[in-house]
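Side chains are part of it too, since the values below use all heavy atoms of this structure and drop only hydrogens, waters and symmetry mates.
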Amino acid sequence: MPDLKWRKSSFSTDVHQNCVELAAVADGIRIRESDEPDTVLRTSPAPLGALIRSVKAGRLDHTL
């Protein structure tokens, strides 16, 4: 993914190397884990928004 401007949360610091990074592209959004930069997920704003709302609401806090 050349020349993408990856962004991470302002809560992430250099001490916390493992963080999620996002990059906006013409056809959607790219997501990666900072310690696995070659693995990139593709999504668009609506599904990402649904995921974020679910996380914030605690709907994904289930144990297997």
Side-chain angles (χ1 to χ4, degrees):
M1 301 262 112
D3 301 325
L4 289 182
K5 182 178 179 183
W6 292 98
R7 300 193 59 170
K8 64 181 179 176
S9 169
S10 60
F11 289 102
S12 296
T13 65
D14 290 335
V15 174
H16 299 101
Q17 297 284 326
N18 302 334
C19 56
V20 174
E21 298 174 318
L22 302 173
V25 293
D27 65 342
I29 299 169
R30 301 296 181 264
I31 305 171
R32 71 180 183 183
E33 181 80 24
S34 63
D35 63 343
E36 296 270 345
D38 294 332
T39 303
V40 178
L41 301 175
R42 296 173 155 192
T43 191
S44 59
L48 180 58
L51 174 65
I52 292 169
R53 285 188 299 278
S54 292
V55 169
K56 284 183 175 183
R59 291 193 293 265
L60 304 176
D61 293 346
H62 305 287
T63 58
L64 298 176

Nearest 0.5 Å please: distance from the SG atom of Cys19 over to the NZ atom of Lys8. 4.5 Å

Would the distance check show the side chain of Ser44 and the main-chain N or O of Gly28 forming a donor-acceptor pair, the cut-off being under 3.5 Å? no

So which atom in Val40 and which in Trp6 form the shortest heavy-atom distance, rounded to 0.1 Å? CG1-CH2, 4.0 Å

Separation between CD (Glu21) and CG (Asp35), nearest 0.5 Å, reads 9.5 Å

Close side-chain approach of Glu33 and Val20, heavy atoms under 4.5 Å: yes

Rounded at 0.5 Å granularity, tell me how far CG in Leu41 sits from CZ in Arg32. 12.0 Å

Stepwise, does the side-chain contact (heavy atoms from CB on, under 4.5 Å) test hold for Leu48 with Ile31? CA-CA 10 Å; Leu48 180 58; Ile31 305 171; 3.9 Å; yes

If you measure from CZ on Arg30 to CG on Leu22, what distance do you get to the nearest 0.5 Å? 11.5 Å

